[in-house]
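The block underneath contains the structure these notes are about, expressed in structure tokens.
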Amino acid sequence: MSDTAIESSSADYEVTVSSPATTEQVIEFLRSKGFTGNVGINPNYPGVIWFGS
């Protein structure tokens with residue numbers, strides 16, 4: 001998993017998820033650990049999760 005800051009008013013970070021974890025598994029893990037921030041995925045960009053404030 002790697003993270004890269006992106007220039008956007010709607011997202012602060014972009015994370016690319018690679019096997020064996022899926023984006024849903026990563027989001028579920030973050031939520032189980034108490035993460036309450038904004039998280040988004042887009043079916044046009046598989047394996048990418050956006051985090052925003």
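The model shown is predicted, which means the values in this text are computed figures rather than measured ones.
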Steps toward side chain to side chain contact (heavy atoms under 4.5 Å, CB included) verdict (Thr22, Gln25):
CA-CA 5 Å; Thr22 65; Gln25 289 170 323; 3.3 Å; yes
Show me the donor-acceptor pairs, under 3.5 Å and distance only, between side chains in residues 41-48 and residues at least two apart or in other chains.
residue, atom, partner, partner atom, Å
Asn42, OD1, Asn44, N, 2.8
Asn42, OD1, Asn44, ND2, 3.4

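Partners of Phe35 according to the ring pair (Phe, Tyr, Trp, His ring centres under 6.0 Å) rule, which considers only residues two or more places apart in sequence or in another chain, are Phe51.
Here the straight-line distance linking atom OG1 of Thr16 with atom CD1 of Ile49 works out to 9.0 Å at 0.5 Å rounding.
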